[in-house]
2 protein chains.
Amino acid sequence: MERSDLPPDVVIRRLPLYARSLRYLLEEGIHSVSSQELGERINVTAAQIRKDLSYFGEFGKQGIGYDVEKLLQHIERILGINQHWPVALVGIGLLGQAIARYEGFRTEGIEIVALFDADPAKIGQKIGDLTVQDFAHARWVIVEKQIKLAIIAVPALQAQRVADVLIESGVRAILSYAPMILQVPEDVWVRYIDPVAVLQSMTYYLARDQQLEH
Amino acid sequence: MERSDLPPDVVIRRLPLYARSLRYLLEEGIHSVSSQELGERINVTAAQIRKDLSYFGEFGKQGIGYDVEKLLQHIERILGINQHWPVALVGIGLLGQAIARYEGFRTEGIEIVALFDADPAKIGQKIGDLTVQDFAHARWVIVEKQIKLAIIAVPALQAQRVADVLIESGVRAILSYAPMILQVPEDVWVRYIDPVAVLQSMTYYLARDQQLEH
DNA sequence: GATTGTGAACTACTTCACAGCA
DNA sequence: TGCTGTGAAGTAGTTCACAATC
């Protein structure tokens, strides 16, 4: 393969799963792994893993496999999660609070450093060591802290307005929990967390199987 | 196209987005829509929408487009969300509580009808009109209420054990928030909500753009 | 005139299968 | 001998482009 081939986005989206699995291996004290073994843990074929990694270099040893720690470091470097990425969270409802307190977000490159809400009842409230700030001041904080990544956890109808402000302030990637497709400039990345859509896509298969039973 | 072609899973996963957009159109009082207009709202090409729908039948009118209400009904029928799907939620931490209280889950086919946790401090607690039950009793409840769908919101290391019990009890589709790939029989569907992985995949592009600036 | 439904063409992604190396 | 890295083959998904038709 030409190294000039850009890695497809599907590959980029699998890398965090590889990284996580490698971290679990390390915790178990396993220091060497083959593409086969790694694949079995995360339900991906061995060929897929090898092909994915080949976009970025040669990290394994024939006859042996991969050094877990080294491969993890390579992947973290590729993803940029060896760096520190400050994240803004907008919307401190129940979901926002759960996100703000979730330990899993305090790992590998990502740290929530600012909380925003427009509700006066929420502004000033403390969550962990952070204080909820007025969304009206978001711009200043985002510029000041050089925040490029944001999480949106506001109701559907407010999501676009919030996204517009964030992007204007310098945010370049958004993770949105709002059930609403956002319109953004093409140099901004948006991904969605949409549990309802996910459940509704699974009911298709359940309904179909139910048919077959009768 | 042969109607006998099975719709690919990507198509099934897009249907809930089409349905949601159609509901929003109805709320705006719009009763007719072309594939072009619908596509612009959800950032999907017109051809994609038409092709997707063609797996299931012919729902539009040449020169006109689609009747919003009728198309919505067709899609809800296809997805099986015209039926009622009782859902079990396991893990009533902060995230579980946010999920249990989230209004968005109380729509279109889906209803959380049982809450489980293993923590004695949580068992008996009321959330909305539901009472948190001991996970040890999950099996009986799942069989009794014929629950086929479950949401897992427990820590990573407990997720597999929880999934095993759920599946043994009759659950056939799982939405997991745990950062852990589950091993399940092939007739069980699993999907993941993994915000950390999503954020970490976006840092790739941010890091790359940062490179280009220098 | 506008817009659907759909084969055909195209693009993207995955898997195969094996040379090459430890 | 065992396992990687990778072209080639195969499979899946998207877009094109246009006949059909409202």
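The sequence lines fix the lettering, A, B, ..., with proteins before strands; numbering per chain opens at 1.
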B:F59 CZ to C:dT6 C1', straight-line distance once rounded to whole Å: 15 Å

D:dT4 C1' sits how many Å from A:E37 CD, rounded? 13 Å

In whole Å, I'd like the distance from the CD atom of A:E40 to the C1' atom of D:dC3. 14 Å

Pair B:Y177-B:D194, side-chain donor/acceptor within less than 3.5 Å: no

Nearest nucleotide by nearest heavy atom, which residue falls closer to the 5' end of DNA chain C, A:D9 or B:G65? B:G65

Identify the heavy atoms of B:I75 and B:Y18 that sit nearest to each other, and give their distance. CD1-CB, 3.8 Å

Nearest-angstrom distance from the residue atom NZ of A:K61 to P of C:dA22: 9 Å

Proximal nucleotide (of C:dT4, D:dT4, D:dG13) relative to the A:S35 side chain: D:dT4

Return the nearest nucleotide to the side chain of B:S54; candidates are C:dG5, D:dT4, D:dT6. C:dG5

Taking atom types as modelled and ignoring hydrogens, do the side chains of A:S201 and B:R13 form a donor-acceptor contact shorter than 3.5 angstrom? no

Under the side chain to side chain contact (heavy atoms under 4.5 Å, CB included) test against A:Y66, which residue among A:L38, A:L25, A:L53 passes? A:L53

Rounded interatomic separation in angstrom, taking CD from A:Q36 and P from D:dT1: 19 Å

Any side-chain N or O of A:Y55 less than 4.0 Å from the OP1 or OP2 oxygen of C:dT14? no

Using a cut-off of less than 4.0 Å, is there contact between a side-chain N or O of B:Y66 and OP1 or OP2 of D:dC22? no

Checking side chain to side chain contact (heavy atoms under 4.5 Å, CB included) between B:P7 and each of B:I12, B:D52, B:I78, which is the one that passes? B:I12

Partner set under ring pair (Phe, Tyr, Trp, His ring centres under 6.0 Å) for A:W85, not counting sequence neighbours: none

Separation of A:D52 atom CG from C:dT14 atom P, in whole Å? 7 Å

What protein N or O atoms touch nucleotides 15-18 of chain D N or O atoms at under 3.5 angstrom, if any, and at what distances?
| from | atom 1 | to | atom 2 | distance (Å) |
| --- | --- | --- | --- | --- |
| D:dT15 | OP2 | B:T45 | OG1 | 3.0 |
| D:dA17 | N6 | B:R50 | NH2 | 3.2 |

Rounded to the nearest Å, what distance is computed from the CD atom of residue A:Q62 to the P atom of nucleotide D:dC3? 12 Å

Review item, side-chain donor-acceptor pairs of residues 144-167 of chain A, under 3.5 Å, at least two apart:
| from | atom 1 | to | atom 2 | distance (Å) |
| --- | --- | --- | --- | --- |
| A:K145 | NZ | A:V113 | O | 3.4 |
| A:Q160 | OE1 | A:Q183 | N | 2.9 |
| A:Q160 | NE2 | A:D164 | OD1 | 2.9 |
| A:Q160 | NE2 | A:Q183 | O | 3.0 |

Here the distance between atom C1' of C:dA22 and atom CD of A:E58, to the nearest Å, is 13 Å

